[in-house]
Amino acid sequence: MNGLLSNAPALMYFDVIFGSTVLKPLFWMIMGGLLILFFSGLRLWFSDLGIAMRWWKWALFAAWFMGVYVTIAGGFTLVGENEARAGLYFMGVFGTLLIILGAGLWRILNTK
Amino acid sequence: MNGLLSNAPALMYFDVIFGSTVLKPLFWMIMGGLLILFFSGLRLWFSDLGIAMRWWKWALFAAWFMGVYVTIAGGFTLVGENEARAGLYFMGVFGTLLIILGAGLWRILNTK
Amino acid sequence: MKNTKGINRRDFIKKAGLIGGAMSLAGAGAAGLAAGAASESYTGWGRTAYGKDQFFNRKPFFTDTPTYEKTGAPARIPYVDDLFNRLRELRRLMMAPPGQAPAWSWEMGAEALPEPLKSYYADRPGALDEYRQALENARQQRANWPKYRADHLLAEAYSAAHASFLSGPGSFPPQPQGPPEESDFRGMDNRYLELKSPRHGSDLIKQITHTFGASLVGICRLKKEWVTQGFLRGVGRTDFEVPAHWNYVVVVAAPHEWDSMYANPIYGNSYDAYSKLRFIVGKLEVFIKKLGYPARAQFPPTSFDIAMPPVAIDAGLGEQGRHGVLITPELGANTRLAAVITGMPLEADRPINAGIKAFCNKCKICAEECPSGAISFTDKPETVVRGYRRWAIHQEKCYKVWNTVATSHARGCRVCIAVCPYTRKRNWVHNIVRVADPRDPTGLFATAMLGMQKTFFSYPGPEAYLPPPDGSNKTYIDPPKWLKTDEWFIK
Amino acid sequence: MKNTKGINRRDFIKKAGLIGGAMSLAGAGAAGLAAGAASESYTGWGRTAYGKDQFFNRKPFFTDTPTYEKTGAPARIPYVDDLFNRLRELRRLMMAPPGQAPAWSWEMGAEALPEPLKSYYADRPGALDEYRQALENARQQRANWPKYRADHLLAEAYSAAHASFLSGPGSFPPQPQGPPEESDFRGMDNRYLELKSPRHGSDLIKQITHTFGASLVGICRLKKEWVTQGFLRGVGRTDFEVPAHWNYVVVVAAPHEWDSMYANPIYGNSYDAYSKLRFIVGKLEVFIKKLGYPARAQFPPTSFDIAMPPVAIDAGLGEQGRHGVLITPELGANTRLAAVITGMPLEADRPINAGIKAFCNKCKICAEECPSGAISFTDKPETVVRGYRRWAIHQEKCYKVWNTVATSHARGCRVCIAVCPYTRKRNWVHNIVRVADPRDPTGLFATAMLGMQKTFFSYPGPEAYLPPPDGSNKTYIDPPKWLKTDEWFIK
């Protein structure tokens, strides 16, 4: 446990999960389950909102969501590396870009 | 890559996934998704087979399935550790036990 | 139509669910295979530098009564209690100066030995004969070596390479010169800053020692009875008082490389861990001296002024096993020790009782597999050594087998380390046991584990480790490919 | 009623799905935080022993034209091309035997120097003055040290500890004695078995060297032009032919500890990697000799008969950077080198071109941050050294800064290593870049990465690394807690 985490003792408890040979795989399994739960629910939301989803709309949305996912994971990875400034800039720049793209995507989803 | 795997070159390709910082988490996410898929389907199977599932039946079944899961994972862990004999015995003994328990469970599931 | 569609989807989910279940089982197997073989699971050869290999939570197992059992008045450890010191003395006595008769020879018998050897062997009938047999075995071993060399050339070269820096001008760390009151302070800087607290000192020293390569680090106060007597490194044969600045011991543990260790007695070697440990404590001595405190490194194979297993127990690293070797939760019996004695103010750790010694009472696998019969089979330790009841091996018997196995010279045996059920890598299966077993007050979990150990795992048996005709040059587990001579060389 | 139930369930899934999405985003952040800080990601201080740290797929980047650029007839490397050799010679000349005048003094000027120093400095006007300034700086540095000692006591002790085994009788590996035709064969066993093939030899040596602690291992044929001339270890000053048995070089790389390395110039030290490397190649020399082949270890800081970056390029480990240091895909510029020259039949690796040198043409971050101005800003390398066009730093300028930063003596600087964009740990973010960047033929990916590097990351600027008044004793990244003196000591 180095760098940032060794200087911020509270974060050392992360190691209870991510340093464990049992809990780390469990963590990722739950992460996978959560994604499925998310998309299952989303399907119903879209239908209730009267949005007609097509395969290409799902593909666009999944790509956009993966962008959000990777931006958050990547930003915090840099923070964990003791490059907090770079991590926040990374999330700021790509986060802004994704909000703009998200607005565009919303319009596209609402088309037939 | 040691022991058994260094003696069986084909198995070295395991490292492509499990030695990767990208693919290993992805693997576990997919594992979690597969479990949800499995249980979703199972729900429909039970209902089609006329089995009235209750929460405690689901709990019993989940415990039994976790037993199968851990037995396979544990057995192959020992195999990977170069203790092939111990791994096979482990799966043999606990596998047999789980088959017997599975038969009992099947009867329980078929009760009201 | 809507209904039809619903049923199709329903069927699809049903089938996909079954396939998913099967794939997830296959995946569980695949992941297990990978986890078992992962180099990340090789404790001490992986995550050491940041202290991650010391992952066992010792707190629930702190105890006020360390797991060695005190039964009388403690005494300091005589110099000749160490096998290698005895052998050195005997060799010296048997070596005749030119034109003179040697001071002692086998014909003169044990009674003709000077003290303290005379009393030592008088108290242990037969021990001297075992050593004589060991010398004979050594001759035989050298004669046998050409037969096995083609099989074990690599194991030999690997061991020689690890041992290389021990001899000649490359020896490190340097040996102390003169009394500790001089040598432990030599190269020391004046103290420039004071520690915030002894706890700060301990935390700092532990972190630094991990970056030097130590898998486990623990700290204890030095009890007088763990200090040797009759010989002091840097001074020679002498009766001495324990120096006033020998207050604390920083105890360091590192494992052997796992695959070669499991392939004992032939493929293992002591020097992978020994050289690493010398490197660590040599650096640590300098580090502490640079902070302004005296320090004195203690390192294998023989550069010790104190006994290691008891200080490691005091420092909370583990418990002593039936085979006499320290067993730690992380490394099992694959735990080799070194230390630095220091006057730096530190906070001592507490010893643990994690049920290891209690398990040894029942297990006996090491005794069953020991090719020399040096390990006791009794249900509880019966030997009393200087006021402590503890497991104690028959040192000469053990050494004799070193001279018997298919190596070029007495390189050790280490089968008891390899077969010990605690000697397990770091993966989820063994980690679950590490967490669950010491927390079970009934002992049923341990009994179940021991049952599985004895039924699922196979052992070659004690004779198999010896060369023919007595055995078949077996190793506990097959050696890794990279140490198999015939994988690389034309035989 | 059925319908109502359906809607409730529907609502439930809808809400659970939203919560799941939010939690999965939070989890992604948490996992990223952990991955960034994980010690498993500290290449070379983790999975090394089993070779897992050499994870870059070099195959797609094999090239017939190594990335050093040949522009004329190659020549052997003169002894005085090495800064430390020059300094040693100068010191020797300035040292007067008792009652005699020194052979040379500053007043006599560069023209009065004996060859080859005279020509060397004649070709490099000003270099000698820089060195004179460095000596003056050294005095100043020692005088400044009491001011900084309270801040950097630990960094100092840590460095001293790692360096400790270099001096005194503990030096390891032993230096060669006598000509290579004797010393490289000393301690060699008779060859007992023949290798199945040179490929078998290479695979074996690589695996063994990893278990000795090497993060990266590569093998090349030794080209004559990489051998020094004018001085031979074990012989002294001499013009010599390259010995017939110097056929192959096993090149070994290990990194500095990452957190202290990022905290250069004050908290880093060279000796963590150097001592590790000496340990590795010292053992490897013995291992090879035990197999029956001559071997000769090459190790830092100064025990080299060959130039390291070019042989490392030949062995496919990486490419040379603008700062003159080898950059490897795994370790970036945090790559320190050692080697064993041997007559053992091996299969050579192929050099790689993974776009590193091309990136250096554009990046210039190391030149911008270098506190000494020793690194070139030109768009392409312009220096031609013995027939090769390559980046070459101004050695005296660099050394001068070593004598300037807030350490007790010239312990090095290493800022160029720390700020290099290739100097990154092993986690998914950097691994994606490692895979994608060298496979992009357009170079757009590299341009985007460089843009992010320059906008998202902040650098203290070249002067900040110096003590006041010129700078503020900055380090590239803040040091880890365990090296911060005021975390542990009362100031």
Side-chain angles (χ1 to χ4, degrees), chain A residues 1-9 11-19 24 27-28 30-49 65-66 68-94, chain D residues 7 9-42 45 257-260 262-263 424-425 427-433 451-459 476-484 487:
Chain A
M1 200 51 70
N2 298 285
L4 176 79
L5 298 204
S6 82
N7 292 335
L11 295 181
M12 287 182 63
Y13 294 101
F14 270 65
D15 205 42
V16 172
I17 290 176
F18 295 108
K24 193 178 172 181
F27 169 85
W28 285 111
I30 293 167
M31 291 291 285
L34 289 171
L35 280 180
I36 288 193
L37 203 59
F38 176 55
F39 276 85
S40 309
L42 213 60
R43 201 171 55 87
L44 305 181
W45 276 101
F46 282 135
S47 113
D48 284 6
L49 291 165
F65 182 76
M66 206 180 93
V68 177
Y69 197 96
V70 166
T71 298
I72 292 178
F76 278 101
T77 298
L78 290 175
V79 174
E81 270 181 45
N82 236 350
E83 296 273 14
R85 183 182 177 278
L88 297 174
Y89 272 67
F90 180 89
M91 285 190 282
V93 169
F94 287 99
Chain D
I7 284 170
R9 212 182 132 265
R10 207 178 163 81
D11 279 337
F12 172 73
I13 293 179
K14 282 166 72 174
K15 279 178 190 140
L18 278 190
I19 294 167
M23 282 177 71
S24 99
L25 289 179
L33 202 56
S39 58
E40 286 91 332
S41 76
Y42 283 62
W45 288 69
E257 192 285 320
W258 289 81
D259 280 328
S260 56
Y262 281 132
R424 292 286 177 252
K425 296 183 284 189
N427 62 42
W428 69 281
V429 169
H430 305 303
N431 284 349
I432 286 172
V433 179
M452 282 164 64
Q453 189 70 42
K454 294 211 176 186
T455 49
F456 295 169
F457 291 75
S458 69
Y459 298 94
Y476 169 48
I477 290 181
D478 285 337
K481 177 181 166 183
W482 49 273
L483 276 185
K484 280 185 185 153
E487 288 278 348

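Note on naming: letters A, B, ... go to the chains in the order of the sequence lines (proteins, then strands), and numbering restarts at 1 for each one. What you are looking at is a predicted structure, and each value in this text was computed from that prediction instead of being measured.
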Closest contact, heavy atoms only, D:Trp428 versus A:Gly74: CZ2-N, 3.5 Å
Where A:Arg85 and D:Thr455 come nearest, the two heavy atoms and their spacing: NH1-O, 3.8 Å
Steps toward side-chain contact (heavy atoms from CB on, under 4.5 Å) verdict (A:Leu78, D:Phe456): CA-CA 10 Å; A:Leu78 290 175; D:Phe456 295 169; 5.7 Å; no
A:Leu37: side chain to side chain contact (heavy atoms under 4.5 Å, CB included) partners, not counting sequence neighbours: D:Ala16
A:Ser40: side chain to side chain contact (heavy atoms under 4.5 Å, CB included) partners, not counting sequence neighbours: A:Ile36, D:Ile13
Side-chain heavy-atom pair D:Tyr262, A:Asn82 within 4.5 angstrom cut-off: no
Minimum side-chain heavy-atom gap A:Phe94-D:Met452 below 4.5 Å: yes
Top contributor to chain D interface from A:Met91, A:Arg43, A:Glu83 [non-hydrogen pairs under 4.5 Å]: A:Glu83
Pick from A:Gly33, A:Ala86, A:Gly41, A:Gly92 with the largest number of heavy-atom pairs that fall under 4.5 Å of chain D: A:Ala86
Heavy-atom neighbours of A:Tyr89 OH exceed 12 at 6.0 Å: no
Region of A:Val70 in contact with chain D, defined by heavy-atom distances below 4.5 Å: both
